[in-house]
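Comments concern the structure below.
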Amino acid sequence: METRNADGTWPSSRPQIMRNSVEDQDSYRGQPGVCGLTNLGNTCFMNSALQCLSNTPPLTEYFLQSSYLEELNFTNPLGMKGEIAEAYADVIKQMWSGRHYSVVPRVFKTKVGHFASQFLGYQQHDSQELLSFLLDGLHEDLNRVKNKEYIELRDADGRPDQEVAEEAWRNHRRRNDSVIVDTFHGLFKSTLVCPECHKVSVTFDPFCYLSIPLPVSKERVMEVFFVSLDPHAKPVQHRVVVPKAGKVSDLCLALSEMTAVPPTQMVVADVFNHRFYRIYSDDESLSCILDRDDIFVYELSVLEEQDQVLLALYLRERSHYRDYGSGSSSYGTTLFGHPLLLNVRRSSCSQEELYNLFLQRLQPSLDRGDTETCTESHNQTEPRCITDASSTPADNAIPSGDSTRSADANVDLEPAAEPSESTEEEKEENKQEEACSPSPPPNEQPAKRRACHKRRKSLFTIQAVNSNGTTERGTGEGGTQPYVAIDWDPDMKKRFYNENEAEKYVKHSSMEVPQQQATVQLQECIELFTTVETLEEENPWYCPVCKKHQLATKKLDLWSLPEVLIIHLKRFSYTKFTREKLDSIVEFPLRDLDFSGCLLRKSLSNGEPPSCYDLIAVSNHYGGLRDGHYTSYAMNKDNGQWYYFDDSKVTFATEDQIVTNAAYVLFYHRQDKMRKPTLANPSTGPAPSRSANDITSCKDDDAELGAASYVTMETD
């Protein structure tokens, strides 16, 4: 989904050029074809496809010369009664008039939505899908064949490929004859082999574009944070390589090799907004984890006792005031810091024992300066109170324990008692006295020790909560995963908890190794397109010999190529296990793309076209599966200059900017059909009067909108 800019406009749409007034048309004279398209709201996919087609010379000249008027087919039941062709012609003529900074393709968008319901509204779509619909719609609207005859397709049956191919192409042209077929249609050979009877079926099928796959790596790089059992160790960020179709246990195994911690002592969790969004089991698929997720792997203690429980711990700060609006009159709380996962004995789940456990775990993040200073000042007048022998040194440093805690061995904790009502002065006095009052020596009378113990104040209280950490959970509300929160009084947190120290982490050496972005050659993708594959279960082939559907092997080969070759890079990968966008850089040539080694027909007779192509346009996609932004690069047919089209904004581009990991659809023009530019290239001529980086800026105050108005990504 796209998001609006701060000024209410859509990405790259500028209010100054939303309309082409008469004054603008009279005053502006620009390079024909160098014209932006206004973003109507999530229509960047349409703008990108239109700019690529607009800069396809044979198609654009066909419409600029109004040749389409004589070929409009209003009676074709498969067409759109000429409406798509007329709407497209209107957009092209406006863009190539040289009198507009930007065109608003609202009528064209309405026509597309009318004939293709999937493009209704203003949802984000795929530029290649729009391109496929548009080429098919233009073809049917401009089909010179008024009455399509029925033609029965024949199998090769051992006949020579040349004979079968010529027959297939003649049959195709008998039913389909338009400027789209003349410009974009080619022919490939399809070979199917039955796995049982080995029946070979050969057919020749036309294509309008090539959808070629990208090599998919079987491994995946993940970045995770490892939280050690040692409370003094900072979380460590690791970069690990795991199988793409692996499980969570594979992640633990890979991390175990770096940390020397057994994978059986690890638990993996997705942390979001200071809480556990999800705690994974070992047998869950890694495809559930996205690259943008914050994944924490916790080391668990080894307990001999069988009856143990995995405890999820949240940190909360309690507000000064009660939240009477919620109806519970309890204190409002706010989550902070990173949550923890602890493995504890079920018999050790009393509040007293949990308090000591949590205190020990948080010890490195506690600031002991205030307590030590406070204790020293009181030692001059009163003896110091020492806690019982079972307490750790850390417990002695900071006040711990609460005489009101329950000793029950129940995981479902009783709700903590609410503080009694008192004045602010009394509260502050009690805080100073209870937090800083020294403790009596061990040889003092028990009564005096109890009196001193009651005066001591806990750093935090413990409360059973739900998985969101927002609602207190009663003793009767069980669950497979217990969640506990420790609530800090704001003043106690400010005095004793060092939040900056708790947020620190270190990077493992694996993070220092630079990630090399995968790079593949376009030729590799084409070869992958022509390799043998086995049909999927959802798409079997009916064998005429076996008389049943078979998972046959299939091989595609290129037979003949069109004047303009459209190559769709299949960046969006969907399998049973994963859904991802492939961000590999595909190295594609801007000139001299030679298909002679890929064509099945090796020898070309006289009059048959060569197979060398030059790049003329690229549709780009930035972003991921659920969000993104489309732009395009295209070379103007009149001056040979490359331009970058980003909705309403058009800028000069250089050839070294075109090959990126965002390239999605490539447009190639066969060299024997290309004509030389009729105008001088502006990049080699005299300096333009306006900024060379912004061609469509028509007013000086356009700059006030800033770059953010056109580089804002379309996100949900």
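Side-chain atoms of Q641 and N636 form no donor-acceptor pair, as typed in the model, at a separation below 3.5 Å. Between the side chains of N73 and N143, not a single donor N or O lies within less than 3.5 Å of an accepting N or O. For T631 and D646, the side-chain atoms include no donor-acceptor pair closer than 3.5 Å. No hydrogens or angles considered: nothing links the side chains of H139 and H185 as a donor-acceptor pair under 3.5 Å. Between E167 and N171, the side chains place no donor N or O within less than 3.5 Å of an acceptor N or O (distance only, hydrogens not considered).
The main-chain N or O of I585 is never found under 3.5 Å from a side-chain atom of N661 such that the two would form a donor-acceptor pair. Proximity of a side-chain donor or acceptor of N76 to a complementary backbone N or O of E140 within less than 3.5 Å is detected. R571 contributes no side-chain N or O that, together with a main-chain N or O of K581, makes up a donor-acceptor pair within less than 3.5 Å.
Considering every non-hydrogen atom in both I526 and F595, the closest pair reads CD1-CE2, 3.4 Å. For the residue pair C35 and H100, the shortest heavy atom distance occurs at SG-O, 3.7 Å. Closest heavy-atom contact between P105 and N47: CG-OD1, 4.1 Å. Among all heavy-atom pairs drawn from L615 and P589, the shortest one is CB-O, 4.1 Å. Nearest heavy atom pair, residue F588 against residue V586, reads CD2-O, 3.0 Å. In this structure, W96 and S54 approach most closely via the heavy-atom pair NE1-OG, 2.7 Å.
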- Which is it for V181 and H172 under the side chain to side chain contact (heavy atoms under 4.5 Å, CB included) test, yes or no, and what are the steps along the way? CA-CA 9 Å; V181 175; H172 178 61; 4.2 Å; yes

- Item | Intermediate values then yes/no, side chain to side chain contact (heavy atoms under 4.5 Å, CB included), D90 and V107 | CA-CA 9 Å; D90 181 59; V107 174; 5.6 Å; no

- Message: Is there a ring pair (Phe, Tyr, Trp, His ring centres under 6.0 Å) between Y664 and F572? Walk through the geometry before answering.
- Response: CA-CA 10 Å; Y664 184 43; F572 298 101; 5.6 Å; yes

- Message: Working note: K93 + S66, criterion side chain to side chain contact (heavy atoms under 4.5 Å, CB included); need CA distance, chi angles, decisive distance, verdict.
- Response: CA-CA 9 Å; K93 289 181 177 180; S66 298; 3.1 Å; yes

- Query: Do T43 and Y630 pass the side chain to side chain contact (heavy atoms under 4.5 Å, CB included) test, and can you show the C-alpha distance, the side-chain angles, and the key distance before you say yes or no?
  - Reply: CA-CA 9 Å; T43 58; Y630 288 91; over 6 Å; no

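Taken from CE in M222 to NZ in K244, the straight-line distance is 12.0 Å, to the nearest 0.5 Å. Atom CG of N39 sits about 7.0 Å away from atom CG of N42, to the nearest 0.5 Å. Distance check: D594 CG to S611 OG gives 4.5 Å after rounding to the nearest 0.5 Å. Between the CG atom of L37 and the NZ atom of K649 there is a distance of 15.0 Å, given to the nearest 0.5 Å. A distance of 8.0 Å separates OG1 of T38 from CG of D647, quoted to the nearest 0.5 Å. Residue M674 holds its CE atom at 12.0 Å from OH of Y613, rounded to the nearest 0.5 Å.
Considering only heavy atoms from C-beta on, K148 comes within 4.5 Å of L78 through its side chain. At least one side-chain heavy atom of I84 sits under 4.5 Å from a side-chain heavy atom of V112. Under the 4.5 Å side-chain criterion, counting only non-hydrogen atoms from C-beta, R675 is in contact with K637. The shortest side-chain heavy-atom distance between M46 and F119 does not fall under the 4.5 Å cut-off. A 4.5 Å side-chain heavy-atom check between R175 and V145 finds every atom pair outside the cut-off. Inter-residue side-chain proximity for L53 and F184 is flagged as met; some heavy-atom pair is nearer than 4.5 Å. Counting only heavy atoms from C-beta outward, the side chains of F133 and E129 never approach each other to under 4.5 Å. Counting heavy atoms from C-beta outward, T60 and M95 have side chains that stay 4.5 Å or more apart.
Applying the salt bridge (charged side-chain N to carboxylate O under 4.0 Å, His left out) test to every pair with at least one member in residues 67-76, sequence neighbours left out, gives these pairs: E71-R144. Within the structure, salt bridge (charged side-chain N to carboxylate O under 4.0 Å, His left out) contacts touching residues 650-664 (residues at least two apart or in different chains) are R591-E655. Applying the salt bridge (charged side-chain N to carboxylate O under 4.0 Å, His left out) test to residues at least two apart or on different chains, the pairs with a partner in residues 72-83 are E83-K111.
Listed by chain and number, the residues in a salt bridge (Lys or Arg N to Asp or Glu O under 4.0 Å) with D291 are R220 (sequence neighbours excluded). Remark: L535 pairs with L192, W541, A552, K554 by the side-chain contact (heavy atoms from CB on, under 4.5 Å) rule, at least two apart or across chains. Checked against salt bridge (Lys or Arg N to Asp or Glu O under 4.0 Å), K673 has no partners two or more places apart in sequence or in another chain. D293 is linked by a salt bridge (Lys or Arg N to Asp or Glu O under 4.0 Å) to nothing, counting only residues two or more places apart in sequence or in another chain. By the salt bridge (Lys or Arg N to Asp or Glu O under 4.0 Å) test, E149 is found to be paired with R174, residues two or more places apart in sequence or in another chain being considered. The side-chain contact (heavy atoms from CB on, under 4.5 Å) test applied to S632 returns S48, Q51, C52, F645, not counting sequence neighbours. In this view, E527 and Q523 satisfy the side-chain contact (heavy atoms from CB on, under 4.5 Å) rule, not counting sequence neighbours.
Between R173 and D182, at least one side-chain N (NZ, or NE/NH1/NH2) sits under 4.0 Å from a carboxylate O, which counts as a salt bridge.
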Between side-chain atoms of residues 555-566 and protein atoms elsewhere (two or more places apart, or another chain), which donor-acceptor pairs fall under 3.5 Å?
| unit_1 | atom_1 | unit_2 | atom_2 | d |
| --- | --- | --- | --- | --- |
| K555 | NZ | T530 | O | 3.1 |
| K555 | NZ | D557 | OD1 | 2.5 |
| K555 | NZ | D557 | OD2 | 3.3 |
| S560 | OG | L187 | N | 3.4 |
| E563 | OE2 | H669 | NE2 | 3.1 |

Would you give me the side-chain donor-acceptor pairs under 3.5 Å for residues 204-215, sequence neighbours excluded?
| unit_1 | atom_1 | unit_2 | atom_2 | d |
| --- | --- | --- | --- | --- |
| D205 | OD2 | T203 | OG1 | 3.4 |
| Y209 | OH | Q128 | NE2 | 3.3 |
| Y209 | OH | S132 | OG | 3.3 |
| S211 | OG | H568 | ND1 | 2.9 |

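The aromatic rings of F63 and Y68 sit tilted relative to each other, their planes meeting at an angle between 30° and 60°.
Surrounding CZ of F74 are more than 12 heavy atoms belonging to other residues, nucleotides or ligands, all under 6.0 Å away. The environment of N147 atom CG is sparse: at most 12 non-hydrogen atoms of other residues, nucleotides or ligands sit within 6.0 angstrom.
Both tests pass for K109 against the ring of Y122: distance under 6.0 Å to the centre and angle within 45° of the axis.
Each of T651, N55, V650 was checked for a side-chain contact (heavy atoms from CB on, under 4.5 Å) with Y643, and the lone residue meeting it is V650.
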